[in-house]
Structure formats: structure tokens, C-alpha cells
Amino acid sequence: MTDKQLIENLDQRGLLMQASAQDELNEHLAGQCRTVYCGFDPTADSLHIGSLVPLLALRRFQLAGHRPIALAGGATGMIGDPSFKAKERKLNSLEVTAQWTEKIRAQLSRFIDFDCGENAALVVNNLDWTADKGMLTFLRDIGKHFSVNAMIQKESVKQRLEREGEGISYTEFSYMILQAYDFAMLNQMHDCTLQIGGSDQWGNITAGIDLTRRLNQQQVFGLTLPLVTKADGGKFGKTEEGTIWLDPARTSTYTFYQFWINTADADVYKFLKYFTFLNIEEIAAIEEADKNAQGRPQAQGILAREVTRLVHGEDGLAAAQRISNALFSGDISSLTEEDFGQLKQDGMPSSAIEAGTLVEALVATGLAQSNKMAREFIANGAVSVNGVKIADPGASLNWNDAFYGRYFLLKRGKKLFHLAYCQ
RNA sequence: GGAGGGGUUCCCGAGUGGUCAAAGGGAUCAGACUGUAAAUCUGACGCGCAAGCUUCGGUGGUUCAAAUCCACCCCCCUCCA
């Protein structure tokens, strides 16, 4: 049984940007299980939280009774999507792309259910139907359906065509044809009738709708989700340390959790709608409660908890919370030796260092990028060791002063911690 | 292939022989204030404690002295063919 309210629910959450033939789409989804797909290109060996909105949307469709297909872009990843990109990108080698595709494919699998009968999910790789396609066949059978006149009208490539100092290669320009072909193929193979994606994908999606109509004489649909923006105009998903990845080997569960904890008030309720499965009423209640209470709102905590659990599971969440509690609310000196061992294991940033000056330790742990910066941090009163602020740039670390003779908890700034331990 | 324009520190962008580690803006970071917010103010923002050292697409050259001049090369853009 499918949920007839799906589109309406998405709309209420602010997740509906554009949809083709929305009334017909609504009807199309209402009665029965439909197949919906979303593509993810391997631009790194892990997805990052920018992909979370479409990824969770696939799951929303599945929960509503539809069948999701997550597509790993083994082929498209070799070409590079130019949509709204200011610059031409460097191509990655085939081996690298293949490796990344495999990793991405594994990650995608964690968000959708493969074992639920009629609407069990599928993960596919578009290289499977692209690799053997001969060039001439491709140009004759597929290329013939595309008008360059229409292609250059697409908003997604316009700036590249018009902007002074930039251009677009034929390779990247062909990207939308490849993606369109994916849609047509999935329609043929799996009766896929809906493609979703970020709003930057609208041009590629409509190209796919057109091609499917011409190639298969099928009406299919497209729907886009908002790209996540922050109220302060900053880039979503980046911190000083870099991108927030879904792979815990790249971004620890602790760092991941902290990222969400630090969400600005102006964004947090929107993010609850985007990134959690709490229903609209619950989210409204949280917002209302926060408004009436003074001090720190609870929304960030809920957001962090929900998203961390979604991406890293109960264990990952527990680990992240253990570290966070120890660092931000607990008394550090009350931690036992086992606690320190646990923090290390939980994925708290940590490294082995030699005894030496504090400056050296800050650089060795990455808390400062250079001796000069380290000194400046210390002089500014930004550094503390085991909970004690150190303001002397000449200070040194002696293992006799360490917790249990082997742990130094270094802190730079208000919320950046690092556990340094004796080898 | 021809003609013209351009490649500057994370980004944008000034700089056309010394006063340039290089204006200005953005981003980022730290401090104060706070709620591990926001806004605001202050400071930092190539490396080095410093003397100084290494940077302005690449390689050579001219000069006491080059991001700035010359030669060649690489890359990008625009127009023409």
C-alpha cells in the first residue's frame, strides 16, 4: 500500500523544489508501487552530507511504498557533471573512478532496504549499460534525439557558456546525454518512472524525461529537492577541517555529531525537516518549546542525535555522545584511565606524540598548522592542556603531568580537542 | 591556423623595475560577549622567536635589484578561419 500523501509531505518539509507534471505525478504515485531512482557520482571515495537529502528522499519514497534505485555513477563519474559548476573539472583515472564507485555503492546500500518484498531497493551502476555502447551507435541512436540548441539553453550550463574566462569541454557538455540515457535505460529495465535529485539536476532530469519519451514512448517524471543552504550564506557541509563525509574513516562519528550540534538556530528547524524522519508536528512542537524556553535550544541536540543514528547507527551515536559529554559537560579530571582508552577507540581525534614543547605538540596533532600559529594560539589564551589554560608560549609537556602518565587532552579554541598519548 | 586578452598568496581581485610577503574584499581562525548559537567588537591570516627565507603558470635571461622587462614553453578565454 502506498502513501498518497507523499508529495504533500515532501512539500510540507520544504523538500519539493520542482516537479514535472505535478498533478499527474501525484496520481501516478498514488495507487501503486512505482520505481524511483537517484544517481550519485563518485567524485570521492565517500559520499558527504550534501548527498544526504536525496539519499534520505529515496528512503522516504521507500517508506511510502515505492521501490528505490540508487545509482552509482561509474560512467557519469568518468565524465563529470558540469551543472552549475563554475569550472571544468579534472578527470580522474579510470582505476580511481572504479574504486570510488565500489565504495559509493556500498555506502548507498546502507540507507535503503533490500529485503522488504515488493518494493525492495536496488543498487545499480550506469557503467553496466554504457561501457559496451559503441560510439557510432550512441551518436546515431541517442545523440540524434538531442538538439544542441536546446542543450545550450539549459540554465545549468549557461554560465559556463557565457562567463568570461571559462568554457566547457565537449566531454562535460555531453554529460546530460549520458544521464538522460540512464533514465531511459532504467525505464526499460526496471520500469523506473521517476528520477529525483538536487535542484541542480533539473536540467539533466528533464533531458532524461524527454529522451525516455522519444526512445521508449513512456511518460516519466522528475522531481528535485532543494540544495541545502545556510542562513549565513556559508557553504553547507564544510568546517575548518574540511568536508563532513559519511564514511566514519574520513569523518569520525564524533566530528559528525558535533557538526550537527553546531547548527545555527536559523537553520536547525529546516534541517530537522530535511534530515530526519520526525514528522512535521513533532518538529513544530520542538520549535515551539525552544521559543518558550530561554537559553540553548534543544533542537540541535535532537538533530545531531537523529542524523548520527541514521548514518552511523546506535553504536556510532553512543560513541559520539560519550566523547561529547566527556569534553563539553563532564569534568575532564574525573575520567578514568579506561575512559580515555574508550574515547580513543570511539573515534576521538587522537595521536601519539613525543614529550616536548607545547608548540611542537600542537603542530604534531594538527591543532595548529605551524609553530607560528601555535604560538599565537597560546598567546591568545586559546589553548588548554588537561583542562588548564596555558598562556606561556614556551611551555612544555612532561609525561609526569599527564593523566595516568600518558594522556594529554589538548584543546584549541572553544571546541577543538585532541587526545595526545604516550606511545 | 590567424588576431587579441589572460594565468598573482584558500577564492575574487589590485599591482607594470626598488617604498611588495604583495592593496582591497570575501572566506577562515583566535579572543571578548554567549547557549559548543547569532550579531558585534578586537586580533591573526606564506615559513621563521628573530635575523632572514621561500612565493606571483614553467624554464632560462637582462639588471645592483623583477610579480613587474626579454626569450621560449604550458594552460585558459574571446573573435576570425
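What you see below is based on every heavy atom in this structure, not just the backbone, and it leaves out hydrogens, waters and symmetry mates. The chains referred to below are lettered A, B, ... by the order of the sequence lines, with proteins before strands, and numbering in each begins at 1.
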Sugar-phosphate means primed atoms, P, OP1 and OP2; the rest is base. With that split, encode nucleotides 31-38 of chain B 5' to 3' as B, S or - using protein heavy atoms under 4.0 Å. SSBBBBB-

Considering only the [atom1] atoms, how many Å lie between [N] and [M], rounded to the nearest integer?
{"N": "B/G25", "M": "B/G17", "atom1": "C1'", "result": "28 Å"}
{"N": "B/C69", "M": "B/G15", "atom1": "C1'", "result": "16 Å"}
{"N": "B/G5", "M": "B/G57", "atom1": "C1'", "result": "16 Å"}
{"N": "B/A71", "M": "B/U78", "atom1": "P", "result": "26 Å"}
{"N": "B/C64", "M": "B/G13", "atom1": "C1'", "result": "32 Å"}
{"N": "B/C73", "M": "B/G1", "atom1": "P", "result": "12 Å"}
{"N": "B/G58", "M": "B/U8", "atom1": "C1'", "result": "15 Å"}
{"N": "B/C10", "M": "B/U55", "atom1": "P", "result": "15 Å"}

Sub-6.0 Å ring centroid separation between A/Phe275 and A/Trp260: yes

Partners passing side-chain contact (heavy atoms from CB on, under 4.5 Å) against [X] (at least two apart in sequence or in another chain):
{"X": "A/Ala231", "value": "A/Ala266, A/Asp267"}
{"X": "A/Glu288", "value": "A/Lys291, A/Asn292"}
{"X": "A/Lys411", "value": "A/Ser384, A/Phe417"}
{"X": "A/Asn125", "value": "A/Thr101, A/Arg105, A/Leu127, A/Asp128"}

Between A/Lys411 (NZ) and B/A30 (P), how many Å, whole number? 11 Å

Quick one: A/Leu362 CG to B/C29 P, roughly how many Å, whole number? 17 Å

With sequence neighbours left out, which residue pairs that include part of residues 346-400 of chain A fulfil the ring-ring contact (aromatic ring centres under 6.0 Å, His included) condition? A/Trp399-A/Phe408

Just verifying a value: how many Å separate A/Leu335 CG and A/Leu343 CG, rounded to the nearest 0.5 Å? 6.0 Å

Every protein N/O lying under 3.5 Å from an N/O of nucleotides 48-53 of chain B:
from	atom 1	to	atom 2	distance (Å)
B/G48	OP1	A/Asn371	N	2.8
B/G48	OP2	A/Ser370	OG	3.1
B/G48	OP2	A/Lys372	N	3.1
B/C49	OP1	A/Arg375	NH2	2.2
B/C49	OP2	A/Arg375	NH2	2.8

Once salt bridge (Lys or Arg N to Asp or Glu O under 4.0 Å) is applied, what residue pairs with a partner in residues 294-312 of chain A remain, sequence neighbours excluded? A/Glu306-A/Arg309, A/Arg309-A/Glu314

Compile the donor-acceptor pairs under 3.5 Å between side chains in residues 348-356 of chain A and protein atoms, sequence neighbours left out, one pair per line.
from	atom 1	to	atom 2	distance (Å)
A/Ser350	OG	A/Met348	O	3.3
A/Ser351	OG	A/His418	NE2	2.8

The salt bridge (charged side-chain N to carboxylate O under 4.0 Å, His left out) partners of A/Asp210 (sequence neighbours excluded) come to A/Arg213

Would you list the atom pairs, donor with acceptor, under 3.5 Å between side chains in residues 36-46 of chain A and any protein atom, with sequence neighbours excluded?
from	atom 1	to	atom 2	distance (Å)
A/Tyr37	OH	A/Gln195	OE1	3.2
A/Asp41	OD1	A/Thr76	OG1	2.7
A/Asp41	OD2	A/Tyr175	OH	2.5
A/Asp45	OD1	A/Arg250	NH1	2.4
A/Ser46	OG	A/Gln107	NE2	3.0
A/Ser46	OG	A/Asp247	N	3.3

Which dot-bracket notation, 5' to 3', represents the base pairing of RNA chain B when pairs are defined as Watson-Crick or G-U with both distances under 3.5 Å, crossing pairs as [ ], and inter-strand pairs as |? (((((((..(((.....[.....))).(((((.......))))).((....))...(((((..]....)))))))))))).

